Amino acid sequence: MSAGRPFRGCACFFTDNIFVGRFGLHVRYRDGPQLRRDHGRALRERGCRSEEQFQEVLREIEAEVQRRKELIHQSAERRAIISKCYKPKHPEVYTLQDSFLAPEFLEIERFCTSPGADLQGLLSYLESFSDKRIYRLPVFTEEFCQAFVDELENFEQSDMPKGRPNTMNNYGVLLNELGMDEPFLTPLRERLLPITALLYPELGGACLDSHKAFVVKYSLHQDLDLSSHYDNAEVTLNVSLGKEFTEGNLYFGDFNQDPSPVPKYIEVEHVGTRGLLHRGGQIHGALPIASGQRWNLIVWMRSSAIRNQLCPMCHRKPELVEAEGFGDGFTEPLEEEAPQTVNLCALG
């Protein structure tokens with residue numbers, strides 16, 4: 001594992017997987033000529049046909065690159081202001097307690113930590129979807145979800161500074177900036193390890209040693225949906241927190257490293273208080289909601305043992321750069337790693 005070793009990012013964060021929202025396209029960006037050469041055709045097919053439109057896209061991308069370069073400093077500033085000035089409405093939700101977790105989750109946890117626990121036994125507790133290794137499980141109680149959403153709305157309505165959850169979501173909350181990483185999210189990730197170890201052993205499910213967590217909000221006059229993408233994670237947890245809404249199902253396609261010529265998509269409904277576990281590399285998105293408001297907790301769980309070998313976003317050996325907190329889950333190697341090593345969790 002990576003105890004005591006600072007986490008890093010990959011330099012591709014400043015160049016790759018930049019989302020051009022108006023045309024629903026992820027691009028890699030070095031400069032204008034490269035963008036035109038590599039993505040010009042795809043942009044034209046999506047409606048970017050005039051030079052003026054292309055220049056607007058260029059300005060949008062350059063603004064996003066600049067935002068990413070300033071992210072560490074600005075996030076630290078926001079977190080300091082929030083810590084000093086924000087008064088939580090429900091301070092109890094900031095520290096994970098057993099009473100927040102659904103009794104069925106605790107039962108699954110007990111099974112997975114018992115002698116002889118195996119995948120087949122675990123699957124009897126979960127709802128499985130097709131052959132895509134997507135699983136639904138109870139996570140929280142209704143009472144916790146209501147209090148948590150109420151807290152998030154209180155923060156949203158405050159005059160505190162707020163960062164965007166990611167390139168694709170404009171509305172939501174970065175939970176590390178609320179100070180929830182250590183008291184809530186790290187214990188939650190650690191309690192999921194016995195489950196993910198059985199479900200996703202080849203992805204480092206037994207040694208998910210960092211995360212990025214945020215809450216996203218969808219409503220009719222804000223973000224309605226989410227375009228196809230894959231996550232910067234080995235394993236993702238997506239929990240439906242509420243509130244009342246219609247439509248807005250998730251859809252899942254191929255695993256990004258194993259695409260098929262004609263991808264098959266499945267739709268999965270949100271069920272309040274329950275979470276979906278899926279591979280971070282699974283192509284997915286969210287259909288538009290038709291009414292109401294939907295809040296989801298997203299936890300991107302990462303294994304340095306896996307991603308130190310290959311960055312999941314640029315598919316190259318990571319070029320490590322300084323980062324804050326958990327960064328993007330990479331760590332500096334302690335020594336030259338032996339290629340014949342079998343224990344995935346010892347590779348980090």
Side-chain angles (χ1 to χ4, degrees), residues 1-19 26 28-30 61-83 161-169 172-190 203-204 207-216 229-237 280-281 298-335 337 344-345 347-348:
M1 297 287 277
S2 54
R5 297 157 65 188
F7 286 93
R8 303 294 189 213
C10 178
C12 75
F13 178 66
F14 304 111
T15 58
D16 289 35
N17 292 286
I18 297 171
F19 185 61
H26 284 88
R28 188 180 186 205
Y29 177 71
R30 293 292 187 275
I61 290 171
E62 288 173 346
E64 170 61 17
V65 171
Q66 189 60 32
R67 183 191 73 85
R68 294 184 181 198
K69 289 179 177 177
E70 297 171 355
L71 194 61
I72 294 176
H73 175 70
Q74 291 184 349
S75 180
E77 280 189 344
R78 287 193 297 265
R79 193 168 64 253
I81 293 169
I82 292 166
S83 175
K162 302 168 183 75
R164 290 169 59 189
N166 54 64
T167 308
M168 302 180 73
N169 292 99
V173 179
L174 287 161
L175 295 180
N176 69 313
E177 295 185 0
L178 273 183
M180 295 189 73
D181 262 350
E182 292 308 316
F184 188 98
L185 294 158
T186 292
L188 178 62
R189 167 171 48 81
E190 290 173 345
L203 296 176
C207 50
L208 299 168
D209 53 355
S210 71
H211 61 263
K212 176 178 179 177
F214 48 93
V215 173
V216 292
H229 65 286
Y230 57 90
D231 298 336
N232 187 355
E234 274 63 65
V235 179
T236 294
L237 174 69
I298 312 296
V299 186
W300 289 351
M301 297 182 283
R302 295 154 167 175
S303 168
S304 60
I306 298 297
R307 60 184 41 225
N308 283 352
Q309 314 306 310
L310 192 74
C311 172
M313 304 310 286
C314 65
H315 306 293
R316 300 186 294 269
K317 181 76 175 176
E319 181 185 342
L320 300 183
V321 296
E322 293 284 332
E324 180 196 38
F326 287 125
D328 279 327
F330 304 97
T331 56
E332 297 276 3
L334 285 175
E335 57 188 54
E337 290 155 345
L344 291 176
C345 294
L347 288 175

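Computed over heavy atoms, backbone and side chain alike; hydrogens, waters and symmetry mates excluded. Owing to the predicted nature of the structure, the values given are computational and were not obtained by experimental measurement.
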Say you draw a straight line from [atom1] of [X] to [atom2] of [Y]; how long is it, rounded to the nearest 0.5 Å?
X	Y	atom1	atom2	answer
Leu174	Lys162	CG	NZ	12.0 Å
Met301	Lys212	CE	NZ	15.0 Å
Glu64	Leu71	CD	CG	8.5 Å
Asp181	Leu188	CG	CG	11.5 Å
Arg78	Asn176	CZ	CG	9.0 Å
Cys10	Met313	SG	CE	10.0 Å

Determine the minimum heavy-atom distance between [X] and [Y], stating which atoms define it.
X	Y	result
Leu320	Glu332	CD1-OE1, 3.7 Å
Ser303	Glu234	N-OE1, 2.7 Å
Gly204	Ile306	N-CG1, 3.7 Å
Pro333	Arg5	CA-NH2, 3.5 Å
Glu177	Gly163	OE1-N, 3.8 Å
Trp300	Asp231	NE1-CG, 3.3 Å

Is [X] reaching over with its side chain to a backbone N or O of [Y], donor-acceptor style, under 3.5 angstrom?
X	Y	answer
Arg302	Gly327	yes
Ser304	Gly329	no
Arg68	Phe13	yes
Asp16	Cys314	no

Under the ring pair (Phe, Tyr, Trp, His ring centres under 6.0 Å) rule, collect the residues that match up with Phe326, sequence neighbours excluded.
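Checked Phe326 against ring pair (Phe, Tyr, Trp, His ring centres under 6.0 Å); matches are Phe7, His211.
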Only counting residues at least two apart or in another chain, list the ones meeting side chain to side chain contact (heavy atoms under 4.5 Å, CB included) with Glu77.
His73
Output all residues satisfying side chain to side chain contact (heavy atoms under 4.5 Å, CB included) with Ile81, sequence neighbours left out; order by chain, then residue number.
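Side chain to side chain contact (heavy atoms under 4.5 Å, CB included) check on Ile81 returns Cys85, Met160, Pro161.
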Evaluate the side-chain proximity of Tyr29 to Thr15: yes if any heavy-atom separation is below 4.5 Å, no if none is.
no
Can you confirm whether Arg189 sits close enough to Leu185 that some side-chain heavy atom of one is under 4.5 Å from a side-chain heavy atom of the other?
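No. Closest side-chain heavy atoms not under 4.5 Å.
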Which label fits His315 and Tyr230: parallel for a plane angle under 30°, tilted from 30 to 60°, or perpendicular past 60°?
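Tilted, since the angle between the ring planes falls between 30° and 60°.
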Against the six-membered ring of Phe330, is Arg307 placed for a cation-pi contact (under 6.0 Å from the centre, within 45° of the normal)?
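Yes, Arg307 and Phe330 form such a contact.
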Tell me if the CD atom of Glu62 is crowded by more than 12 foreign heavy atoms within 6.0 Å.
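Check passes, neighbour count above 12.
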